Amino acid sequence: MELKYRALEGMHDILPEQSLLWQYVESRWREHCRRYGYGEIRTPILESAELFERSVGETSDIVSKEMYVLQRGEERYALKPEGTAPVVRAYLEHGLYSGGGVQKLYYITPFFRGERPQKGRYRQAHQFGAEIFGAASPLADAELLCMVMDFFMSLGLPADALELRLNTIGCPECRPAYREAVRNFGSENFNRLCKNCQARLERNPLRILDCKECFEITASAPPIDPYLCDDCRAHFEGLQSLLKALEVAYVRDHRLVRGLDYYTRTTFEVVASQGLGAQNALCGGGRYDGLVEDLGGPPTPALGVGIGVERTLLVLQALHAPVPTPPPLDVFVVAFGDAARPVALQIAQQLRRAALATDLDLEGRSPKAQMRLANRNGARFAVLLGEMELAQGIATVKDLHTHEQHAVSQRELSSWIKTRL
RNA sequence: GGGAUCGUAGCUCAGUCGGUUAGAGCGCCUGACUGUGGCUCAGGAGGUCGUGGGUUCGAGUCCCAUCGGUCCCCCCA
């Protein structure tokens, strides 16, 4: 069969079998966030394109070459390419800062980036996100990292399959000096850098640090530590001692500078050793203390994380983590003869209202075919209705495990079955 | 945006140096007491071999283009 229409490149349908997995990790995420005091936020898929240009950065790859932009009249909209900016926008729009104190928001959202798809990278992907507003203390960073690592653990991912990478990139006060130091380093080694990085040296010199091609050269690049201002140093040291106290394992990664413009101080990633191929970052995030103000709000320290749902699923499968199996049907109602079909539907409705997972044939199939369906769907009981049962107001209930059959009054069907499930 | 690789039934794949009606397994449908499943057996449906050109007496097999999938670079979840 030639397909006239198919899903767009890099976009995928999620079929029932996979949906089960999605629902599982989603419910885990929701429960997890609840335990940590988060409330859910849902923001539109479409936002003003400018929101992302201002926050993620016009020169970032995400905005400059991957964002889906729609033009309608004078307005320019963008399919959200990441989750944080819309949440910050909503935080401001609804004055969530006005209550004072800390706001914790979590979300589950699709996002869109027009990249060439590969393993773990799609044009529509999904993200579990969590953002904390109004907390400047490293306590917040530590709690967020705990929450993330605990989340992966709760999915049955062994600690040795994951690695938390941590860094600080300073703040607008101390980063310029470090930026200059890296730029100088780059200039001294200009001819050895790849073309990409030679260009980066002007706009965003820190990005040469996480270039894979220039990995060997930048190994000797200056670390940020001596350049950190007192506050940034204290923050980072505070975070590290908290992580030690909490027994959260991490590795310091001097190169972790990340590609979104809004980050300050803490940056982190969790990478997986198996299942992901080249795109091995399961999640990424950090602090963005300047973003709320940049978008027109009051100065508000903030931080957050985005977890790739597809990537999480890939790792779960690669590591054979325990996942739910399709729930079996409780009951399949079988009609012998056309006269019994309407009754079969009535009885199915009665059972469904009693919270029993019930199905029946809708095609007018033979009794044998109906029994096959019952079996294939994993039903525990078959409720058989024929002339004899109709005449007596009963049903024959067959236990598909033991093959035993009982005559049960139609009125008492659901309670009879429930006590035997 | 650049590159590699693949594209035969719903799924997983076979198809020999180009040769006649394109196969298997799984799945699906029907039947083997005209009111009863799982196993077994017997039948059956389902493919313009991604698409379009070309070479040839003849193309699923060779060539070109095109469209998709997968993976890699880039970048990131």
Side-chain angles (χ1 to χ4, degrees), chain A residues 1-12 15 17 56 60-67 80-84 108-129 148 194-197 199-200 204 207 210-213 256-260 269-272 276-285 304-315 332-337 339-340 361 363 365-390 396-405:
Chain A
M1 173 173 48
E2 192 184 338
L3 295 175
K4 201 168 178 181
Y5 302 105
R6 45 175 64 217
L8 296 178
E9 180 176 6
M11 309 220 174
H12 296 283
L15 272 21
E17 200 181 334
V56 177
S60 69
D61 285 351
I62 290 176
V63 167
S64 64
K65 48 189 216 194
E66 296 169 2
M67 196 158 74
K80 61 167 97 164
E82 61 105 38
T84 298
I108 298 175
T109 185
F111 65 98
F112 302 84
R113 294 182 194 173
E115 310 174 271
R116 224 13 103 70
Q118 71 189 69
K119 188 168 193 175
R121 204 182 70 181
Y122 312 103
R123 290 189 165 182
Q124 174 174 344
H126 302 262
Q127 190 172 78
F128 294 152
V148 168
C194 71
K195 284 194 174 164
N196 219 331
C197 284
R200 276 179 181 137
N204 197 350
R207 297 307 310 283
D210 66 0
C211 174
K212 286 172 195 165
E213 210 171 326
L256 190 59
V257 296
R258 305 193 55 77
L260 284 65
E269 272 180 12
V270 175
V271 299
L276 282 183
Q279 310 301 313
N280 68 345
L282 257 187
C283 82
V305 62
I307 299 173
V309 179
E310 285 84 354
R311 291 183 183 183
T312 300
L313 258 19
L314 284 170
V315 174
F332 198 94
V333 184
V334 174
F336 293 130
D361 164 55
E363 296 176 276
R365 294 192 188 215
S366 70
K368 183 176 292 194
Q370 294 181 59
M371 286 302 288
R372 262 201 291 273
L373 280 177
N375 190 60
R376 191 188 312 150
N377 291 321
R380 176 63 197 285
F381 292 101
V383 167
L384 313 180
L385 296 165
E387 279 181 39
M388 181 268 282
E389 285 85 355
L390 259 48
T396 299
V397 180
K398 178 167 188 174
D399 184 324
L400 262 12
H401 289 5
T402 66
H403 313 210
E404 289 172 6
Q405 296 195 174

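Not measured: the values here are computed from a predicted model. Naming convention: chains lettered A, B, ... in sequence-line order (proteins, then strands); numbering from 1 in each chain.
- Using N1 to N3 plus N6-O4 or O6-N4 for Watson-Crick, or N1-O2 and O6-N3 for G-U wobble, each under 3.5 Å, B/rU21 pairs with nothing.
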Extract from the structure each pairing of a protein N or O with an N or O of nucleotides 31-35 of chain B at less than 3.5 Å, listing the distance.
| unit_1 | atom_1 | unit_2 | atom_2 | d |
| --- | --- | --- | --- | --- |
| B/rG35 | O6 | A/Met388 | N | 3.0 |
| B/rG35 | N1 | A/Glu389 | OE1 | 2.9 |
| B/rG35 | N1 | A/Glu389 | OE2 | 3.4 |
| B/rG35 | N2 | A/Glu389 | OE2 | 2.7 |

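- To the nearest angstrom, P of B/rU70 lies 12 Å from NZ of A/Lys119.
- B/rU40 and B/rG53 are spaced 46 Å apart, taking the P atom of each and rounding to whole Å.
- We find that CG of A/Leu373 is positioned 15 Å from P of B/rU36, with the value rounded to whole Å.
- Taking the C1' atoms as reference points, B/rA14 lies 13 Å from B/rA9, given to the whole Å.
- Put simply, the side chain of A/Asn377 never gets that close to the backbone of A/Ala379: no donor and acceptor are under 3.5 Å apart.
- Across every strand in view, B/rC26 sits in a pair with B/rG10 that passes the Watson-Crick or G-U test at under 3.5 angstrom.
- A/Glu115 and A/Arg113 are not joined by a salt bridge, as no carboxylate oxygen comes within less than 4.0 angstrom of a charged side-chain nitrogen.
- When the nucleotides B/rC73, B/rA77, B/rG69 are ranked by their closest atom to the side chain of A/Arg113, B/rA77 comes out on top.
- Environment of CD in A/Gln405: crowded, with over 12 heavy atoms of neighbouring residues, nucleotides or ligands closer than 6.0 Å.
- Remark: B/rG1 base-pairs with B/rC73. Criterion, Watson-Crick or G-U wobble with two distances under 3.5 Å.
- Distances shorter than 4.0 Å separate none of the side-chain N or O atoms of A/Gln279 from OP1 or OP2 on B/rC76.
- Among the protein residues, A/Gly83 comes within range of no part of the nucleic acid, since none of its heavy atoms lies under 4.0 Å from any strand.
- In this structure, A/Glu115 atom CD and B/rC73 atom P are separated by 12 Å, rounded to whole Å.
- Atom C1' of B/rU16 sits at a distance of 14 Å from the matching atom of B/rG60, rounded to the whole Å.
- In terms of polar N and O atoms assigned as donor or acceptor, the side chain of A/Gln118 never comes within less than 3.5 Å of the base of B/rA4 in a complementary pairing.
- In this structure a side-chain-to-backbone donor-acceptor pair under 3.5 Å is present from A/Gln370 to A/Arg365.
- Using a 4.0 Å heavy-atom distance criterion, A/Phe111 is classed as a base contact.
- Atom pair A/Arg123:CZ and B/rA77:P shows a separation of 18 Å (rounding to whole Å applied).
- For B/rU66, the paired nucleotide is B/rG50, the pair qualifying as Watson-Crick or G-U wobble because both relevant distances are below 3.5 Å.
- Distance check on atom C1': B/rG23 versus B/rG46 gives 14 Å, rounded to whole Å.
- For the atom pair A/Glu404 CD and A/Thr402 OG1, the distance stands at 3.5 Å (nearest 0.5 Å).
- Comparing B/rC67 with B/rG50, their C1' atoms sit 7 Å apart, to the nearest whole Å.
- Distances shown here put a side-chain N or O of A/His12 below 4.0 Å from the OP1 or OP2 atom of B/rU70.
- Rounded to whole Å, atom C1' of B/rC39 lies 16 Å from atom CZ of A/Arg376.
- In terms of polar N and O atoms assigned as donor or acceptor, the side chain of A/Arg121 comes within less than 3.5 Å of the base of B/rC74 in a complementary pairing.
- Contact annotation: A/Arg311 side-chain N/O to B/rC76 OP1/OP2 distance is not under 4.0 Å.
- Nearest-nucleotide positions on RNA chain B for A/Met11 and A/Asn280 put A/Met11 closer to the 5' end.
- Closest heavy-atom contact between A/Glu389 and A/Leu384: CG-O, 3.6 Å.
- The two residues A/Pro110 and A/Gln124 have their closest heavy-atom pair at CB-NE2, 3.4 Å.
- Going from atom CD1 of A/Ile307 over to atom C1' of B/rC76 covers 15 Å, rounded to whole Å.
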Please table the atom pairs, donor to acceptor, closer than 3.5 Å between any side-chain atom in residues 278-285 of chain A and protein atoms at least two apart or in another chain.
none

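- Side chain A/Gln405 to base B/rU36: a donor-acceptor pair is found below 3.5 Å.
- Aromatic ring centres of A/His12 and A/Tyr122: separated by under 6.0 Å.
- When the P atom is compared between B/rC28 and B/rG2, the two are found 45 Å apart, to the nearest whole Å.
- Across all strands shown, A/Ala374 has no heavy atoms under 4.0 Å from either base or sugar-phosphate atoms.
- When rounded to the nearest whole Å, the span between CE of A/Met371 and P of B/rU30 equals 15 Å.
- Between B/rC49 and B/rG7, the two P atoms lie 15 Å apart (nearest whole Å).
- With hydrogens and angles ignored, no donor-acceptor pair under 3.5 angstrom links the side chain of A/Glu9 to the base of B/rC67.
- Judged by closest nucleotide on RNA chain B, A/Lys65 is the one of A/Lys65 and A/Gln127 placed further toward the 5' end.
- For B/rG2, its base sits under 3.5 Å from the side chain of A/Arg116 at one donor and acceptor pair at least.
- Taking the P atom of each, B/rU20 and B/rA59 are spaced 11 Å apart, rounded to whole Å.
- In summary, A/Arg123 and A/Glu9 engage in a salt bridge, as defined by a charged side-chain N under 4.0 Å from a carboxylate O.
- Summarising the geometry, the separation between OH on A/Tyr122 and P on B/rG69 is reported as 12 Å, rounded to the nearest angstrom.
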